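Note that the coordinates shown come from a computational prediction; the quantities given were computed from them, not determined experimentally. Numbering of ligands and ligand atoms starts at 1, following listing order.
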Amino acid sequence: MDRLLIKGGTVLEGELRASGAKNSALKMFAAALLADEPVTVCNVPHLRDITTMIELLASLGVDVVIDEKMSIEIHANTIQRFTAPYELVKTMRASFNVLGPLLAHYGRAEVSLPGGCAIGPRPVDQHLRGLEALGAKIEMTDGYVKATVKGRLQGARVLFGCRTVGGTEHIMMAATLAEGTTLLENCAREPEVVDLANFLNKMGADVQGAGTETITIHGVESLKGCSHRVIADRVESGTYLIAAAATRGRVKIREANPAHLRVVIEKLREAGAKITLTDDAIELDMEGRRPCAVSLVTAPYPAFPTDLQAQIMAMNCVAEGTGIIKETIFENRFMHVHEMNRMGANIQLEANNTIAVVEGVESIFGAPVMANDLRASVSLVIAGLVAQGDTVVDRIYHIDRGYEQVEEKLQNLGADIRRVAMEQM
Ligand code: EPU
């Protein structure tokens, strides 16, 4: 098992290119199951989760062709099986989203229930309610959801009981091949939902209103092939911006989308960063200053994303002043707090572990640390970068699920970080 070894204390400085968005690409792979012709998804990041999704498609008998630039061509009509097994769904929840497309296109699907995960129970009730509203017959047996429909799904009105990104995307995909019109209300407005809608429309779907609370889908009989470039990964870009701010550094991120990071940029400005924006680049410069602690509440887009909460907490650990961070999306997303405190941070959890009060300290110290979630793990890398001495981050397979070439990108910014296999330590 690999670990990351970080010698803290360097100031990050330089440029990097934003990778394609994992959370867009994964859903597009599921959506490809709706088409009768091959679809190509370009700018796909080279990540463990992407490989898992490709394995899942391959296990269904779907042809997947990958070129050297990570353009991925998927030909759904070579499909032979309609079951997504537990082994794959448990390693990556996004694979649950093949249920709706399989059902809409082929009338049947059997997909393992994903179960809980490190950051919370993460139910899929909204996904299942939505599919049932479209006419699916859903049965649960042996931990699997078995969904069938006679003929086509039927357009319906679906009011989501909570703002769910995966739920919105799932029902939006399924409704593209339904008979009649579907009205989705209380939808998630994340940029990945919009990217997926644009992809579906290129395939010949008729999806209107993505990015607002109400999405209307006029069902079509079939979907065709297309080619689509995935948007930049806003969480990856945000992570490097925060890392640079925490180290009092300077970074330019190319091929990023500043419009998707408005609240994050606002918070970093509040922390003292000078930020310059163009249409596709974000430049942050701390001009050598120590960041000021910021307070925030995570909430659905366009508010501050839960996926950047742990990273900004790492910055707050060494900032001037006190920052209060409230997590409202996931029940158990403060795993990094105990590890950061072991490094000398001063963080108190309050209100039934939903609020973290971070009192900035002059310096934290390197330690062996680990976390069971992607964003918590990367926040410990940031903590390692600002710590005095050596930090070893264990279980970095979590980071490899969502950060393409993390150590190369950080090395290019001047970080002293390297990957070591267990036996080399
Ligand atoms: N929820 C329900 N019922 C449902 C669905 C969701 O109660 O049927 C709840 C969840 O338990 C959670 C809240 O609604 O408390 C929001 O969950 P959501 O469905 O929006 O999350 P998701 O679709 O499972 C995606 C991203 C996450 C990101 C969240 C929130 C993907 C593959 N994952 O998850 O990304 O944190 O939206 O923005 O798109 C990550 O990349 O590290 C990551 C966890």
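Nearest-heavy-atom check against atom 1 (N) of ligand 1 across Ala376, Ala299, Cys162 picks out Cys162. Checking Gln309, His170, Arg333, Arg163 against atom 44 (C) of ligand 1, the nearest heavy atom belongs to Arg333. When Arg375, Arg401, Met92 are checked for heavy-atom proximity to atom 41 (O) of ligand 1, Arg375 turns out nearest. Across Ala118, Ala94, Pro123, heavy-atom proximity to atom 5 (C) of ligand 1 is greatest for Pro123.
Proximity to His127 (heavy-atom distance under 4.0 Å) selects the following atoms of ligand 1: 8 (O). In summary, the atoms of ligand 1 found under 4.0 Å from a heavy atom of Gly166, numbered by their order in the structure, are 19 (O), 23 (O). Atoms of ligand 1 lying under 4.0 Å from any heavy atom of Leu374, numbered from 1 in the order shown and given with element: 42 (O).
Electrostatic pairing of Arg419 and Asp2 counts as a salt bridge here, judged by a charged N lying under 4.0 Å from a carboxylate O. Ion pairing of Lys409 with Glu407 is absent here, as no side-chain N (NZ or NE/NH1/NH2) approaches a carboxylate O to less than 4.0 Å. Of the charged side-chain nitrogens involved, none lies within less than 4.0 Å of a carboxylate oxygen, so that Glu350 and Lys326 do not count as a salt-bridged pair. Electrostatic pairing of Asp280 and Arg17 does not count as a salt bridge here, judged by no charged N lying under 4.0 Å from a carboxylate O. Looking at Glu169 and Lys27, a side-chain N of the basic residue comes within less than 4.0 Å of a carboxylate O on the acidic one, giving a salt bridge. Checked for salt-bridge contact, Glu339 and Arg342 meet the test: a charged N lies under 4.0 Å from a carboxylate O. At a threshold of 4.0 Å, the pair Arg157-Glu185 counts as salt-bridged, since one of the basic side-chain nitrogens sits closer than that to a carboxylate oxygen. With respect to Glu236 and Lys22, no salt bridge is recorded, no charged nitrogen being found less than 4.0 Å from a carboxylate O. Of the charged side-chain nitrogens involved, none lies within less than 4.0 Å of a carboxylate oxygen, so that Glu266 and Arg269 do not count as a salt-bridged pair. A salt bridge does not link Glu190 to Arg163: none of the charged nitrogens lies less than 4.0 Å from a carboxylate oxygen.
In this structure, the protein non-hydrogen atom closest to atom 12 (C) of ligand 1 is Ile329 O, 3.5 Å. In this structure, the protein non-hydrogen atom closest to atom 3 (N) of ligand 1 is Asp125 OD1, 2.7 Å. Here the protein heavy atom with the shortest distance to atom 8 (O) of ligand 1 is Gln126 N, 2.8 Å. Looking from atom 10 (C) of ligand 1 to the surrounding protein, the closest heavy atom is Phe330 CE2, 4.3 Å. The nearest protein atom to atom 33 (N) of ligand 1, hydrogens excluded, is given as Asn23 ND2, 3.6 Å; this is a heavy-atom distance. Nearest to atom 34 (O) of ligand 1 among the protein's heavy atoms is Arg122 NH2, 3.2 Å. In this structure, the protein non-hydrogen atom closest to atom 28 (C) of ligand 1 is Asp307 OD2, 3.3 Å. In this structure, atom 25 (C) of ligand 1 lies nearest to the protein heavy atom Val165 CB, 4.1 Å.
Using a non-hydrogen distance threshold of 4.0 Å, Arg129 does not register as a contact of ligand 1. Within the 4.0 Å heavy-atom cutoff, Glu192 does not count among the residues contacting ligand 1.
Contact annotation for Lys22 and ligand 1: only side-chain heavy atoms (C-beta onward) come within less than 4.0 Å of the ligand. By the criterion of a heavy-atom distance under 4.0 Å, both the backbone and the side chain of Thr164 are placed next to ligand 1.
Considering both main-chain and side-chain atoms, Ile119 never comes within under 3.5 Å of ligand 1 through any nitrogen or oxygen pair. Residue Glu169 has no N or O atom closer than 3.5 Å to an N or O atom of ligand 1.
A side-chain N or O of Tyr403 and one of Arg375 form a donor-acceptor pair less than 3.5 Å apart. Side-chain contact check for Glu404 and Ser19: at least one donor-acceptor pair (N or O, by modelled atom type) lies under 3.5 Å. Looking only at atom types and distance, the side chain of Glu359 has no donor-acceptor partner in the side chain of Thr322 under 3.5 Å away.
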